[in-house]
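See structure below.
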Amino acid sequence: MGGPGSDPRGPVHESPPGAATPSRPFAASRFRDLVGPHIDAAYSLARFLARDAVAAEDIAQDALMKAFRAVDTLRGEAVRPWLLAIVRNAYFDWRRREDGRIVGGPAAEAALAEAPDTGQESAEAALIRRGDVEALRAAIADIPEPFREALVLRDLEELSYREVAEATGAPMGTVMSRLARARRMLAERLGVAEVRV
Amino acid sequence: MTEPCPDKELLLHALADGELDAKSALEVEAHVAGCQGCAAKLAEIREVKAALAETPVRYAAPASLHARLDAALADEARPARQRRGGVETWALGGSITALAAGLALFALVPSGASLESQLVDAQTRSLQAQHLVDVATSDRHTVKPWFNGKVDFAPPVADLAAQGFPLVGGRLDHLAGHDAAAIVFRRRAHVINLFVWKGEGPAAPVLERREGYSLVHWSRGGLDFWAVSDIDPPDLMAFQKAYAAATT
């Protein structure tokens with residue numbers, strides 16, 4: 001084996017057992033058990049919020065690591081709403097970083113801001129055939145915030161009204177009205193709206 | 001068609017979502033029975049919910065996210081590095097050599113080589129955010145040509161999903177003075193980096209352990225291959241065998 005003067009890390013060998021910080025391997029396996037089933041949900045929410053596959057991965061990774069570090073704070077509450085709230089915050093952190101990089105004056109920023117819903121849906125948007133996954137995804141992506149997030153959390157991630165309210169920090173009445181708006185927009189795109197505007 | 005009653009609309013959603021208690025639910029249903037506008041609105045809500053429930057719009061996390069996450073968790077759980085240069089580390093040297101001599105499959109190479117340290121560092125770096133792959137796909141017909149013009153050799157690429165080592169993608173890397181192609185595979189939750197560059201090394205694969213990682217090194221066709229992973233040595237040797245067989 002090498003003597004003094006060769007690789008200062010020492011000869012090739014394994015770390016002896018017990019060298020690990022005791023809690024770390026258990027933290028990872030507890031995290032996997034609790035959070036593992038919800039990784040898809042984390043990514044899916046990030047994807048619908050950011051509307052960008054690459055950003056969604058970064059946001060989900062960021063959120064999952066934050067969740068890992070905070071997993072010991074879970075005290076019997078439901079894991080999915082807790083995790084999705086972390087994802088949502090990670091999305092807003094990402095937005096702040098992205099918006100900070102936007103060059104251009106107020107006009108550029110205004111153009112990039114979410115379009116307010118005027119109550120008049122574009123009649124030119126094509127009707128979606130039921131079962132057309134990509135068209136329905138695109139229609140959901142077209143829904144402006146904060147209506148889209150209410151729909152995704154309730155109808156895709158199956159959070160209760162109370163859980164959506166907690167995850168978004170909004171009163172339940174607000175959540176319900178945002179959900180109603182989002183569903184109405186989709187109803188028009190699906191051609192099932194009971195009243196045309 | 002008549003409009004729904006404005007003060008009832010949110011209740012119709014709550015009814016459809018099962019969010020009303022039994023008493024309120026009965027009241028709303030009774031109203032709907034007698035109100036055309038609300039009945040139509042409730043039907044509309046149910047259609048939208050059905051479309052969302054039937055159509056698989058939810059996204060699944062990509063393999064690269066799983067790989068990144070598992071690597072980051074493995075990194076958090078890694079034991080602290082051994083102290084360097086202390087008496088206790090040198091004392092282990094003799095017993096390691098004796099152990100190695102008795103294991104026919106394993107061939108320890110001198111620890112003075114710094115290439116292995118660089119490979120382990122490159123593995124760790126690759127597991128950080130956004131650094132695992134430059135091209136993320138399990139399609140070898142996309143990964144292989146992606147390296148054209150980026151390295152001056154053609155790295156053999158195969159998807160070994162059938163053998164339990166799915167292809168995750170590719171990345172350009174640079175270490176020990178080589179422009180390297182890094183072909184990234186996954187073994188369950190673990191990342192395997194296969195570094196390829198032009199060189200001549202052993203024809204038969206050589207296994208090493210370094211800081212909790214397994215490294216396998218071999219050469220073929222004027223290319224040097226280094227597979228690095230935190231999976232067990234027999235698994236990484238199985239990977240080498242599968243890769244060599246798939247890329248003859």
Side-chain angles (χ1 to χ4, degrees), chain A residues 1-4 6-15 19-21 24-25 27-28 31-32 39-44 47-48 53 56-58 60-62 64-65 68 128 130-133 136-137 140 151 154-157 160-161 173 176-177 179-180 183-184 186-187 190 192-195, chain B residues 1 3-4 9-10 13-14 17 19 37 40-41 43-45 47-49 51-62 64-66 68-69 72-74 76-82 84-85 89-90 92-94 96-97 108-114 116-117 129-130 208-212:
Chain A
M1 308 300 289
S6 68
D7 189 330
R9 285 177 221 250
V12 176
H13 62 263
E14 298 253 15
S15 311
T21 316
R24 279 313 192 174
F31 178 78
R32 282 185 208 284
I39 294 174
D40 283 342
Y43 175 78
S44 192
R47 184 85 186 251
F48 278 112
E57 211 182 304
D58 290 343
Q61 170 75 5
D62 189 30
L64 287 162
M65 291 317 294
F68 172 69
I128 299 165
R130 261 187 44 182
D132 186 340
V133 176
L136 191 47
R137 281 175 172 167
I140 295 170
L151 183 93
R154 163 81 277 283
D155 280 331
L156 299 188
E157 296 310 327
S160 70
Y161 285 3
M176 290 167 72
S177 107
L179 181 63
R183 283 174 172 169
R184 184 156 169 288
L186 272 192
L190 286 163
V192 299
E194 43 82 31
V195 174
Chain B
M1 205 172 303
E3 295 263 3
E9 185 180 333
L10 295 190
H13 287 272
D17 288 329
E19 291 272 351
K41 186 61 171 176
E44 170 193 309
I45 293 167
E47 290 258 29
V48 172
K49 282 171 62 76
L52 289 168
E54 286 165 12
T55 321
V57 287
R58 284 175 80 242
Y59 293 96
S64 43
L65 176 60
H66 285 289
R68 276 166 73 176
L69 175 64
L73 292 177
E76 297 261 345
R78 266 175 68 190
R81 288 196 182 173
Q82 291 303 296
R84 300 171 187 192
T89 58
W90 297 120
L92 279 171
I96 291 282
T97 313
L108 288 181
V109 297
S111 63
S114 63
E116 286 81 352
S117 308
Q130 290 186 301
E208 290 181 57
R209 293 280 292 171
R210 187 79 175 205
E211 293 177 56

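Not measured: the values here are computed from a predicted model. Below, read A as the first sequence line, B as the second, and so on, with proteins coming before strands; counting in each chain starts at 1.
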Heavy-atom side-chain proximity of A:Leu186 to B:Leu52 below 4.5 angstrom:
yes
- Can you find a pair of side-chain heavy atoms, one from B:Arg58 and one from A:Glu157, that are under 4.5 Å apart? yes
By a 4.5 Å heavy-atom criterion (distance strictly below it), what part of [X] contacts chain B: side chain, backbone, both, or neither?
X: A:Leu190; answer: side chain
X: A:Ala41; answer: both
X: A:Asp132; answer: backbone
X: A:Ile128; answer: neither

Check whether NZ of the Lys or CZ of the Arg A:Arg137 lies under 6.0 Å from the centre of the six-membered ring of B:Tyr59 and within 45 degrees of that ring's axis.
yes
**Request:** List the steps, then state whether side chain to side chain contact (heavy atoms under 4.5 Å, CB included) holds for A:Met176 with B:His13.
**Result:** CA-CA 8 Å; A:Met176 290 167 72; B:His13 287 272; over 6 Å; no
So for [X], is it side chain, backbone, both, or neither that comes closer than 4.5 Å to the heavy atoms of chain A?
X: B:Ala14; result: both
X: B:Lys49; result: side chain
X: B:Glu47; result: both

Using only atom types and a distance under 3.5 Å, with no angle test, would you say the side chain of B:Glu19 pairs donor to acceptor with the backbone of A:Tyr161? yes
Which heavy atom in [X] sits nearest to a heavy atom in [Y], and how many Å separate them?
X: B:Ala61; Y: A:Ile39; result: CB-CG2, 3.9 Å
X: B:Glu44; Y: A:Val192; result: CG-O, 3.6 Å
X: B:Leu65; Y: A:Ala60; result: CD2-CB, 3.8 Å
X: B:Val57; Y: A:Val133; result: CG1-O, 3.9 Å
X: B:Leu10; Y: A:Ala180; result: CD2-CB, 3.7 Å

Any chance you could lay out the salt bridge (charged side-chain N to carboxylate O under 4.0 Å, His left out) test for A:Asp58 and B:Arg68, step after step, and finish with the verdict? CA-CA 10 Å; A:Asp58 290 343; B:Arg68 276 166 73 176; 3.1 Å; yes
Taken to the nearest 0.5 Å, the spacing of A:Arg32 CZ from B:Leu69 CG works out to 6.5 Å
